[in-house]
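Comments concern the structure below.
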Amino acid sequence: MTKFNPIRIIAFGVLLAAVALAGCSQKEPAGMLRVGLSEEPRTLNIWLASDANSRKILSKIYQPLYQHDPETLELIPWLAADLPEYDPETVAYTVRLRGARWSDGAELTSSDVAFTAKLIKEFRIPRHYSRWKFVTRIETPDKRTVRFFLKNPKAIFRSRSLTIPIVQQKEWEDIVRIARTKEKPLAELLNHQVESPVGTGPFVLKQWREGAYLHMVRNPYFFGTGKTIAGRQLGPHITDIVVKIFGTSDVAILALKKGTIDMFWWGIQPGYLDDLRNQDDIHVYFSEKSALYFMGFNLRKPPSDDPHLRRAIATLIDKNFIISRILQGFGTEMYSIIPPGNRYWYYPEVEKYGAKLDRESRIRKAYDILTEAGYSWEAPPIDDAGAVIPASGIRLPNGQPMERFTILTPPADYDPHRAISGLMIQEWLRDVGMPAYSRPMAFSSLLQQVKGRHDFDTFILGCGKLSTDPDYLRIFFLSANDKPRGWNMSGYRNPEFDKLATESSQAMDREERQALVRKMQEIVLRDVPYYPIYDPLLIEAVRTDRFTGWVEMLEGIGNIWSFTQLKPISRDS
Amino acid sequence: MELRKYIFRRLIEIAIIFFVILTVLFLLFRLAPGDPVTRMVDPNMTPEDAEHLIEQLGLDQPIGLQYLYYVKNFVTGNFGVSFHYGQPVADIILNRLPNTVLLFTTSIILSALFGIFLGKIAAWRKGESTDTWMTIGALICHTVFLPWLALILIWLFAYKVGWFPLTGMISAEVWIDPEAGFLEKAWDIVHHMILPLGTLFMIHFGSYLLIMRSSMLDTLKEDYILTARAKGLEEKTIRNHHAAPNAALPVVTSVGLSLAFSINGGALTETVFTWPGIGRELVFSVSNNDYPLAQASFLLIAAVVLLANLVVDVLYAYLDPRIRYE
Amino acid sequence: MADPIIKLEDVTKTYRSKKTLLKGADQTVVALNKVSLEIARGDIFGLVGQSGSGKTTTGRLIVKLEPPTAGRLTLDGKDITGLRGKRLAEYRRKVQMIFQDPYQSLNPYFSIFDTVAEPLTIHAEGNRAEQEETVFKALQSVGLSPPEDFFYRYPHELSGGQRQRVAIARAVVLKPEFVVADEPTSMLDASISIQIFSILQNLQSKMGVTFLFITHSLAAAWYLCNRIAVIYKGEIVETGSAEDVIKHPRHEYTRALIKAHPKFGKT
Amino acid sequence: MMGRFVGAWRLFRENLIGRIGLTLLIVFALMAVCSFIPPLIDPMYQPMHGVDPEISHSTGPSMKHWLGTDFIGRDIFSQLLAGARIAFMVGISAAFMSIFLGTLIGMIAGYAGKTVDMALMRLADMIMVMPTLLVVLILSSLFGQLHIWTIVLIIALFRWPGVSRVIRAQTLSLKQRPFIEAAKVAGASHVRIIFRHITPNVLPLALLYMTFRVTSAIIIEAALAFLGFGDPGTVSWGMMLQWVWKTGHMFQAPYWLLPPGICISLLTLSFYMLGRAMEEILDPRLRQEGASD
């Protein structure tokens, strides 16, 4: 200890710093795309991967039979050779495969497809099972043909079931056989460690160094290379993808600005925009999301069981305030349950409570709705002279004073937008004298309370990734789904709606289904079990100095089309 | 003999404390509303799917039975499978632990050495302006808000000046490069470590400096220092050979006692710097309801702190024979 | 010796010394070894011995600060070991103690009034006015005057002698029957010691308090006491009237004590 | 009593660190008091709900908004003032509770000894090995977003062991002091001895520790809020930092990032300096592990 001399350590530190400066020049091959990701992917096991980050990686490896066209969102044959053929007699779909190869060189055959579907059914893989349980039989007449027999006509089969990723029978056979013998087969399957997934996609995983990065390289057997699909000439032209894990978006932004990553693969907070827009070699993309952020009411108990109250609350909510301030303008006001971006199914003619009104008019309108429904006040929000004043002591039509009215929101760490929206809504409801309290809760407690125990007044939640098929409309409001853990969280029960919903799920004619879905939207917005608030815009940024050719699409630029078409910019200078 | 008995007794105490923590933790996680299945907000997840998954994860069993399994597994060294990663918890922890140990121990050792050295000087110059400024500096370092400081350091040194990489522990470019040798990789880690290390260092060294200063002042009042002076020994010798080694003892204890507190800072630092360690993993697993991983990481931290305290106590007894233990 | 107020019969007290972490085993130290004493009512009884002889332990056993390891202690013939509750409170009223170090025996955060009145408060004696009256008298009796000047002062504002007077006032405020005075003057100057002695004598004669006067000084014991016991290494080596013990010491240790004190040669 | 206090004050005034600490503290206390003013001037200065009707994104300092506005147009300066109030509230109440618990438990353990001591101290050991921030983090993420008072309570419940150890040691030494024995001989009950005799003697030490606990409580609350586990219905400095961070203004808006961070650091510094100064004045022997946390 006595020999310890800090001078030496300082000198050493200075030396280190000097070396650091010298060693700063990083070299990267021209074809290497460096991507910043917020968190590590959860797993490479496709059956466990329910998180966005795993899906981002795995979607470049495992491929579905059909993709969506980036512009029209129509189905595009991907592993399949053409669109499925439907035979109404036998209620069967026939899919023919294109000649694709797995990344180990083996051929993709109809038995791989059948194997995948059977695996989902046998193990009842969560999130997939509901899309496959109505398939009664699968036939593989030859190596390139698969035929699926359905119990009854299902509108979602084409768009929902046939878009799941296909896995290789050879890779999974043994795992499945072992898992079958275990006490908890599903858990066994989910917990299986996949080191190097075998897929048919444009890239294969070369290395995953946990906590640091993932390295993917081009799949030499990728079926699309050189082909033109959906009018697009496919590559991939990039040789490597390096996915770096950042943890905090601020630092990832700095990395993008500094040039240590080429793409920022998750939503950017609006605060950075001014800065990023000013930088020449960065391009910012704004993509629509297929998302629904909404306020849900509990229809099982007073006071939110009263549609008048729900309409009054809907009137009081200033979507413009939420979008222009809390979302900084990067979102669209939603009026129906289906996002306006989903043009085919979206119905614009629904009731738009209080759209474009100012604060006072909202209060007046809500006051009118409530007075008409029999509500009374100790101090009403509108005085005798007709001016808006602070209100208090609202009473229900039966004369009882309204009890504490709670607005549950996710916590600030999960989504600050919804937490702050909840606070603002609380203030707006207080304007008409409602004893409203916004209460952010840990996400799983919130869901437990809303979805499990049904113990709440209202909540604000979001579905960040709605499918393009509108089947969720049925799932959210079907009476049969009003049960613990069921998706009808509001407890909405309407036989008229149920009938339409069931019809829509079996309508094989697209236009017939469109009409049904529109009618459903109208009913829902009349009864407001959910009140849609906003659909945020996805902001993504890339560097423009090394790669070009990003494809914009619903859900952003990180789609398969971008990664197969992206080209390095040659830098000869 | 006595020492062995003492250590044995302490180990038993530690085992009991550990067991209590283990039980409390189990209860906390199980009594909390919600479960890892609930938080999967995906309309494709039907109630039947959820029930099935809960059954498969073993979450449907009576809580008593779950507890028995949990204890049995812990005793047999099976820490279960992470709900989130689907990997054995032990693997994840073994993967993250070395990173934490590297960052944390380096920072503690460096800051203790620096703190002792500067504290010695400050005490020696008590009342002079050197002392005052050192003390004020140490206080500022010790009380600065860590995550905020960390972010500003990143902005300044990694972005503006560009001396260091932004965050993380290694750069992919170096490790992918087949030509990169061991030295290059080692340097890469060191390079990434400097900023988080600096942050932790700042927070800790201030407190060690203050403790050393106080302890040194006490030591200087002792008779043997007076004796040494009377013998006409050189001041520097007295300071470095007589006073400092004894005065450093409380710093050693405080390293042990404040370990739990330092771990808070460690977790924050790891989180801000995306350092792939236990602290960051714990914060992450907690927000994901990943009970097995969160429990195991927390217990690991508790065990380390408990054992560190024991080591410090024993060490202290060796270094200072006046200490008695009951 | 017709009416002993306090009686010790074969009282033994042992302590266990604690081991250190690295070395040493348990050791038993005998502080008192089968000590028997009888103290007559109204007496000032001297217990003389050098430090570590067990004289303080004897005092502490009598006031029940510590339990004896073996043997019997009685007050008015009633066994006092294991007293609890009401009977212990009763005993506390009757038996008090004056401590050696007046700097340590007063709570620095208590005013003089609080200190002296504390026993009254504890035993719920009188209301505030009555307590003030009692405390006033107690302070007067130990020679602190004017007493009201001392009421709201704190120990650190007093001299050693004044503090010891306060301590005595506290000990006698309940009008106890028996007081253990544990070297009450060893921390004080000789002149002040004499004043303290006369206070004790006064109290004995006026209030009829019996004192156990613990001291290391034979001279002090001879000056103050009727009867003396000499204690050496935890054993009583000699008991008798003050005259007897000093004029005709039977034990070697007593002789050594006397020899060490040149003053006795002259008287 | 008075004389003592005056003496201590004189010593304190000579202590540079104490002076700096006190000055800073007074500044922050003034800020906390002033936090009530802005909402009175105009509802848009209400720190939580008030927004400037004309500003809908973060702007820099101006005459109307001295430190600028945050992303939805709230005034940063009034948030900063409100944050001072919250910081004092959190710091002092958590510290007070933990010191109260720690002192009580320490005195009981030290005075009772034996089994009680053993049980309490093992409990203390157990709590001491748990990193408080991580514990609150776990609780907060498990049991929903916690209310600020719940957070305060948890911090208090997990920060007493350090104090109780010191108080126990102090009690052990006090227990041997003759004035305690004198009280015993006078017939004082255990309760009376603990509360009337020991308490005033350990109080200065407890008070000293309180300043350190204030610091740690403020830091824990701030870190928790910063990570997003705080009470979003409260405008604390940590929450302000969380807003800067989560809305992507981290490196864009120094007028918003710097003030709360500086305030957290300086307020904790001021309490810490105060503690150090008190420590040096009270008794050098009291210095034990104060600086370690």
Side-chain angles (χ1 to χ4, degrees), chain C residues 56 59-60 62-66 83 85-111 114-125 152-157 163 166-168 170-174 176 178-180 182-183 187, chain D residues 1-11 103 107 110-115 117-118 121 125 167-208 281-283 285-286:
Chain C
T56 299
R60 292 169 62 85
I62 293 171
V63 297
K64 284 187 70 64
L65 279 173
E66 283 167 52
L83 281 185
K86 235 181 166 178
R87 295 187 44 211
L88 179 64
E90 200 55 31
Y91 181 73
R92 294 267 186 238
R93 290 189 64 131
K94 288 184 188 161
V95 179
Q96 282 295 324
M97 180 160 178
I98 299 161
F99 291 84
Q100 177 179 12
D101 182 353
Y103 296 89
Q104 295 277 328
S105 66
L106 301 181
N107 189 334
Y109 289 89
F110 272 42
S111 69
D114 286 340
T115 305
V116 179
E118 190 182 25
L120 298 172
T121 316
I122 292 166
H123 294 280
E125 290 264 302
Y152 299 106
R153 289 165 80 177
Y154 283 85
H156 70 272
E157 298 168 69
R163 288 189 206 199
V166 172
I168 296 170
R170 171 179 58 192
V172 299
V173 74
L174 281 171
F178 187 84
V179 171
V180 176
D182 183 9
E183 302 203 55
M187 314 283 280
Chain D
M1 231 31 206
M2 217 42 215
R4 254 189 194 202
F5 182 75
V6 170
W9 173 245
R10 216 176 35 242
L11 271 174
T103 310
M107 284 193 306
Y111 183 76
K114 296 190 187 114
T115 329
D117 183 25
M118 162 91 178
M121 284 303 108
D125 285 352
I167 297 293
R168 171 181 170 270
Q170 182 84 350
T171 309
L172 280 178
S173 87
L174 280 171
K175 207 169 95 177
Q176 310 296 332
R177 299 266 286 277
F179 70 84
I180 299 292
E181 305 203 311
K184 256 190 217 168
V185 172
S189 64
H190 297 314
V191 175
R192 183 179 172 86
I193 289 174
I194 290 180
F195 290 104
R196 286 287 284 134
H197 289 271
I198 294 179
T199 307
N201 280 284
V202 297
L203 227 46
L205 190 61
L207 215 66
L208 165 66
I281 290 158
L282 272 177
D283 183 352
R285 273 168 303 164
L286 296 184

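Proteins get letters first, then strands, A, B, ... in listed order; numbering begins at 1 in each. Values below: every heavy atom of this structure, side chains too, minus hydrogens, waters and symmetry copies.
The heavy-atom pair separating C:Pro108 from D:Phe179 by the smallest distance is CD-CE2, 4.0 Å.
There is no contact between C:Val180 and chain D, counting heavy-atom distances below 4.5 Å. Contacts between C:Arg153 and chain D at a heavy-atom distance below 4.5 Å are absent for every atom of the residue. Residue contact with chain D, scored on non-hydrogen atoms closer than 4.5 Å, involves the side chain of C:Phe110 exclusively.
Between chain D and the options C:Gln104, C:Gln96, C:Gln100, C:Met97, heavy-atom pairs under 4.5 Å are most frequent for C:Gln104. Between chain D and the options C:Val173, C:Thr121, C:Leu106, heavy-atom pairs under 4.5 Å are most frequent for C:Leu106. With chain D as the partner, the residue from C:Glu118, C:Lys64, C:Arg93 showing the most heavy-atom pairs under 4.5 Å is C:Glu118.
Using a distance-only test at 3.5 Å, with no hydrogens or angles considered, a donor-acceptor pair links the side chain of C:His123 to the main chain of D:Ala186.
Here the straight-line distance linking atom CD1 of C:Ile122 with atom CD1 of D:Ile193 works out to 7.5 Å at 0.5 Å rounding.
Salt-bridge formation is detected for the pair C:Arg60/D:Glu181: a Lys NZ or Arg NE/NH1/NH2 atom is positioned less than 4.0 Å from an Asp or Glu carboxylate oxygen.
The salt bridge (charged side-chain N to carboxylate O under 4.0 Å, His left out) test applied to C:Arg92 returns no partner, not counting sequence neighbours.
Here the side chains of D:Val185 and C:Phe99 are in contact, with some heavy-atom distance below 4.5 Å.
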